[in-house]
Amino acid sequence: MRNKEMLLIPGPTPVVDSIYDALAEETRSHTDPRFTAIYKSAIEKTKEMLKTDGEVFVISGSGTLAMEMALVNTVQAGEKILIISQGFFGDRFIKIAEAFGIEAEVLQAEWGKQVNPSDVEEKLAEGNFKAVTITHADTSTGVVADLDVLVPLIKKHGALVILDGVCATAAIEEDMGKSYGEEDAKIDVILTGSQKAIGVPPGIAIVAFNKTALAAREQIKRVPAYYCDVNNWIPIMQDPSKYFATPAVNLIYAYEEGMKLVLAEGMENRYKRHAAFGKAVRSALAEYGMKALAEEEVAAATLSCILYPEGINDTEFRAALAKKGLVVAGALAHLAGKAFRIGHMGNTTEEMLETAVALIGETLVEQGLDVSTEKALARFKEFSLAKA
Ligand SMILES: *Cc1c(COP(=O)(O)O)cnc(C)c1O
């Protein structure tokens, strides 16, 4: 790999050489058939990954644009949504709703925990929610949402399910063809970004709408957006040689290559690999006395929020790791300084994570802790993919 550093943050994630090569291909006209064929392939592969019978939108932007696109095309000003929040990114929907005059009620989990399904049930029974947002893996806490419980509950009450998959899509099961209990209890909208579990540089926003979500768009007379009105993009997604706004040509090359890698590995294999990565990293770090914020049953496969043991200074710890070529992220909000976040997703390899465990151990020893790197590596191997 061409990378000089290991970028193990919850996105962007390590980029492999074939994706860099794609990115560096000659920039062509966005209407050149050689480009539009690649764009078409990127769209088709995205549909295949999410198994949707609706439309996918692959456009320039970050995950936040994808969140906005999901919301403004399904819910109007004055209508109400329920936000199931398991941390910082769940809360982001509050701000987006506010910006568009959408009423929002929030069910906030304690950081590190899932929202209680009976609270969701109770809220939904109050009625009149047009949509419910779920953050699949909250990047601030490392907590995963339980779709098997939430999706049927929400559909029973007739609301749309909007799933923020920014830290999950392509790594934790997301299948728009899957029925949760009832025949038509399906995820209606999935949104994500290119730079997390898909492993492509930042810059591509991905949104998928099923037929129910597309019908919701049709009921809205005037969407308070232009660039992210799905109706402006449907003709382009169906025929990428048409023009609405110039696509990020080189990023589309890179994204299409990323999608090839995702599909070549296979979704089931990716779900298994990420689950193994999460367990291996957390159990290895636990050997150092570093506990994950989330209990293992609710911990995300893609990233972990790890609490510091006594006596470790966040800034010094992460600076020492960076000097060794390992970049991890600080924690957000009230956890800042008390925890760090490590990504284990996308094109990250088992070798990289093993090296990371060793470097973290070395650094803890240098900073005065009595820990055993060997024991941690043994734990890592116990849960690693080879054994899964
Ligand atoms: C990173 C992230 C976002 C925001 O994505 P950007 O690409 O930074 O705009 C939203 N939701 C989740 C769950 C994320 O992890």
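Side chains included, hydrogens not; waters and symmetry mates left out as well; all remaining heavy atoms used. Order of listing sets the numbers, starting from 1, for every ligand and every atom in it.
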Q.
Could you check whether atom CZ of R222 has more than 12 heavy atoms from other residues, nucleotides or ligands sitting under 6.0 Å from it?
A. no
Determine all donor-acceptor pairs shorter than 3.5 Å in which one atom belongs to a side chain in residues 178-187; sequence neighbours excluded.
residue, atom, partner, partner atom, Å
K178, NZ, E173, OE1, 2.9
S179, OG, E183, O, 2.6

task = Before giving the answer on salt bridge (charged side-chain N to carboxylate O under 4.0 Å, His left out), spell out for E126 and K80 the whole-Å C-alpha distance, their side-chain angles and the decisive distance to 0.1 Å.
result = CA-CA 11 Å; E126 288 172 15; K80 203 163 68 166; 5.3 Å; no
_Using modelled atom types and a 3.5 Å cut-off, is there a donor and acceptor pairing between side-chain atoms of Q86 and backbone atoms of V115?_
yes
What are the polar N/O contacts of ligand 1 with the protein below 3.5 Å, with distances?
residue, atom, partner, partner atom, Å
ligand 1, 7 (O), G63, N, 2.8
ligand 1, 7 (O), Q195, NE2, 2.8
ligand 1, 9 (O), S62, OG, 2.6
ligand 1, 9 (O), G63, N, 3.3
ligand 1, 9 (O), T64, N, 2.8
ligand 1, 9 (O), T64, OG1, 2.5
ligand 1, 11 (N), D164, OD1, 3.4
ligand 1, 11 (N), D164, OD2, 2.7
ligand 1, 15 (O), T139, OG1, 2.2
ligand 1, 15 (O), K196, NZ, 2.7

Besides I172, the hydrophobic cluster formed by Ile, Leu, Val, Met, Phe, Trp and Tyr side chains linked at under 4.5 Å, directly or via other members, contains V144
Connected to V327, directly or through other members, by ILVMFWY side-chain contacts below 4.5 Å are L7, I9
